[in-house]
Amino acid sequence: MSTDTLEGAGLLVRPRPPLLGRMWRGGLQGSEWTWAIAFTVPYIALFLAFVAYPVAFGAWLGRDPSLYFELAEDPIFQRTIVNTILYVGIAVNLKMFGALLLSGFFMRRGWWVKGLLLVFVLPWAMPALPAFISIHWMLNGEWGLFNNFLFNVFGIEGPGWLDTSRWLALGAVITSHIWKWMPFWTVILLAGRMAIPQELYEAAEVDGATGLTRFTHVTFPLLANLYLVCTLLSTIFTLGDFNSVYFVSGGGPALSTHVLATLGIRDAFEVARPELGVATVLTALPLMIPLVLILMRKLRTTEVTL
Amino acid sequence: MNKLGRRVVLRGSVGLAAAGTFASPYIARAQAKTASVLWVQGFVKEEDEAFQNLVAAYEKASGNKIDYSLIPFGPAMQKIVAGLTSGDTPDIMFHDIADQAVVPQNTWNDKLIDVSDIVETQKDKFHPTALLASKYYNNVTKQRGFTYVPVKCGVLPFHVWNSMVEKAGFKLADAPKTWDAFWDFFKPMQKKLRETQRNVYVHGLQPTTNGPADGNNTFHHFLIANGGNGIVSPDGEAHLDDPQVKEAVIKSLTYITTSYKEGYVPPGALGWSDADDNNAFHAKQIVMDLDGTISTEVAMIHEKEKYDDAITLKLPNDNAGQPMRAELGAAGAFIAKSAKNVAVAKDFLKYVIQPDNLNLYLKTGLGRWLPPMPHLVKEDPFWLKQDPHRTAYATEGMIDPTVPNYPCFNPGYAEVNAQQVWGIAVADVVKDGMTVQAATDKALKRISTILAKYPVTRS
């Protein structure tokens, strides 16, 4: 290997690789580059094996356009699209708005508020499956806890919550989802509220802003970006939520409360047509991709304080 | 101490990779006598013990090894479907409802190995209906062939709480001998029973859209009882425009939906899973239940009072007064083309279906499933003489007339079952107020659309 000698310094200097090579190697040289490769290869391999390959395999399974025509003609799929929109739209917005209000409540001082917060977050801390299965049994029209309570206390025969009405069943699913996940978002927004400097409130108070005015002029503008990011994240999570629907209503009655996530699994494993199941789930992409893009843009925003 | 440098690491990695590459053929050869098996877990622990005994006996006799996984009903189906999709399958796969849910479609798609050499070893001993259930249509070869090895069979008997019938002032011996009249016999009991028990129902009907099997099985029995068995003929052709079939569908839907609307069926039955009727029966919330196998009774085998109080009844005659044909399900095994150790897999299955092995396996499993060989039932007193539940069950399944599940005639019917077309038809009437005629037309049209994707007879 040839070397050059810097005049007067007596230092050996290796010839610099071409600019393109340097850029490709991120400024690393010699063994640094080799070690960098050695350390990153396992992660790249894992990413390829467990992220890239499954996604590509799924896309390959759902590549046949006829699957989408078949879905479009399927009355259960059409109903599922409506359910998904209703489920995500209602559940996410009610949950996030409730979380916003409750986070304000939990900002109050007092030991009993902290105690209440502890109880409030329990549904979130509880394992999802037993919780949803319990709800399913509690809502049993004939022998469930709710209807037994109504009968024993008020002498009323309660409705078949999950038995015959699509709207009651969908309502039960949405309520269960909110019950389970609102505490999580409440805690996130509570953390956001706690990060707002107290001085701002003091200044606002001097200017005469109290109560609702203080919320609309100080709290909400500062929480707005966090609220939006949380709503986008929650929308993405809820769009892929399987447990709430599957374990509360089971997609019933008569397959009337399926959402894309549960119908995809049904088509893949109960109908035993994995390609149709993948196609079902892939139909959520036109909604999912814009959401992810907006989320990424929002996360890059640096101007907003919270 | 040697320094762990870059070159040492790289050389070591290359060395390991090379050793793995050269050693792999020897590892593969060492495993050539092993077959991997996915088998469905039993309803009671005795069924699993029976399978483990069977495996141990085979390993001892053959010197081969069986690497098995006992997996619950639902997850087993998911693993089978996922394996067949990815091409990474165990050598043998077994499922209780494979004849309805996975073998028809995968034979159609040419993904399964021909197992006629296994079936042939006992062909003369198999029940004719079980043999029908082992042959499926391949859309690549355009032929029917054996791709399924029947291991055990099941039918749907009636399960009745005798004490509830007597409490209502009736005697089971007085039950009529034809289908609709038999169901009607229970209706007057409900009023009497409700004097002391809230929310008790007489009909364990399962008009469910959840699956996988009970809702379809229930409807098919009504269809057969009303003369609609010819909805799909053995050549695979559907007869959806046949007036007799259409009339049978209408009569079946009418009976089921009327019973539901009149309040003889638990409203939640519309969303029951396959286990929910068993739970309701065990809790004495329903007086009778039409359900597959005698798992209902076997689950109570250690509670003598309950076991004796439950009565198992074989099917009454159909509505024309003729002996009713029960739908005989065949649980069995199959081998995917992606299997690696086919020779051992086939050898094991040949061992499993040897009559004595099969009989011992199913008897150890408490007789929840029937052997697919009538001579075993007739010759071994265990099946027809020692227990009243097994007597009724085995008589219905192995002595009385039976029909196979329709997917063995046309693989498209497996998708009809999976789409729960009949459960949806019931829901259309009881939930959405559709007329029976309209629900019938809608269901038959849907079946026609699905079956059009599987042109068996036109091939």
Side-chain angles (χ1 to χ4, degrees), chain A residues 30-35 37-39 41 53-54 57-58 60-61 66 70 73-76 136-137 139-144 147-148 151-152 157 159-166 169 246 248-258 265-278, chain B residues 5-7 9-10 13 74-75 77-82 84-86 98 100-106 198-201 207-212 260 266-273 276 279-280 283 285-286 414-415 417-420 423-428 430-432 442 446 449-450 453:
Chain A
S31 63
E32 289 174 348
W33 168 249
T34 312
W35 278 114
I37 292 291
F39 277 110
V41 159
Y53 173 70
F57 186 60
W60 180 78
L61 274 179
S66 68
E70 187 180 338
E73 289 172 2
D74 181 0
I76 296 164
H136 174 83
W137 283 110
L139 292 174
N140 183 299
E142 293 93 53
W143 312 293
N147 282 2
N148 273 338
F151 183 80
N152 291 330
E157 285 287 0
W161 301 95
L162 307 172
D163 297 343
T164 51
S165 164
R166 173 192 184 190
Y246 188 80
V248 173
S249 77
L255 310 177
S256 64
T257 59
H258 270 294
I265 295 293
R266 179 179 182 277
D267 285 342
F269 296 113
E270 288 178 31
V271 181
R273 291 187 58 198
E275 73 287 356
L276 191 66
V278 168
Chain B
R6 169 173 57 98
R7 292 188 180 184
V9 172
L10 292 177
S13 304
M77 183 54 79
Q78 291 179 6
K79 277 187 176 289
I80 288 169
V81 172
L84 286 165
T85 305
S86 66
Q100 300 189 55
V102 66
V103 167
Q105 302 96 315
N106 283 285
R198 181 175 157 255
N199 284 345
V200 63
Y201 299 86
T208 176
T209 50
N210 280 351
Y260 186 94
L270 215 53
W272 271 355
S273 70
D276 286 334
N279 294 333
Q285 289 155 347
I286 49 178
E415 193 172 328
N417 279 343
Q419 295 286 3
Q420 306 289 338
I424 290 172
V426 173
D428 283 339
V430 301
K431 190 171 85 63
D432 298 332
K442 184 186 162 198
R446 180 86 179 120
T449 306
I450 294 170
K453 293 184 286 182

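Every chain is numbered from 1, with letters handed out A, B, ... down the list of sequences. Predicted model, so just to flag it, every value in this text is computed and none were measured.
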(message) Between A/Asp163 and B/Leu270, is there a side-chain heavy-atom distance shorter than 4.5 Å?
(response) no
(request) List in chain and number order the residues that pass side chain to side chain donor-acceptor pair (under 3.5 Å) with B/Asn106, two or more places apart in sequence or in another chain; answer none if no residue qualifies. (result) none
(message) With a 4.5 angstrom heavy-atom cut-off, is it the side chain or the backbone of A/Ala268 that approaches chain B, or both, or neither?
(response) backbone
(message) Between B/Gln78 and chain A, with a heavy-atom cut-off of 4.5 Å, which part of the residue counts as in contact: side chain, backbone, both or neither?
(response) both
(request) Check whether A/Ser249 gets within reach of chain B through its side chain, its backbone, both or neither, counting any heavy atom under 4.5 Å. (result) neither
(message) Taking A/Asn147's backbone N and O only, do any of them form a donor-acceptor pair with A/Trp161's side chain (distance below 3.5 Å, no angle check)?
(response) no
(message) For chain A, which candidate among B/Ala101, B/Gly423, B/Ala283, B/Gly268 shows the most heavy-atom pairs at distances under 4.5 Å?
(response) B/Gly268
(message) Strictly distance-based, threshold 3.5 Å: is any side-chain N or O of B/Asp276 a donor or acceptor partner for the main-chain N or O of B/Ser273?
(response) yes
(request) List for me each residue that meets side chain to side chain contact (heavy atoms under 4.5 Å, CB included) alongside A/Phe151, sequence neighbours excluded, and say none if there are none. (result) A/Glu157, B/Arg198
(message) Between A/Glu70 and chain B, with a heavy-atom cut-off of 4.5 Å, which part of the residue counts as in contact: side chain, backbone, both or neither?
(response) side chain
(message) Please classify the contact between B/Ala82 and chain A as side chain, backbone, both or neither, with a heavy-atom cut-off of under 4.5 Å.
(response) both
(message) Do B/Pro266 and B/Gln285 have side chains that approach each other closer than 4.5 Å (heavy atoms only, starting at C-beta)?
(response) no
(request) Give, as side chain, backbone, both or neither, the part of A/Leu255 having an atom under 4.5 angstrom from any heavy atom of chain B. (result) both
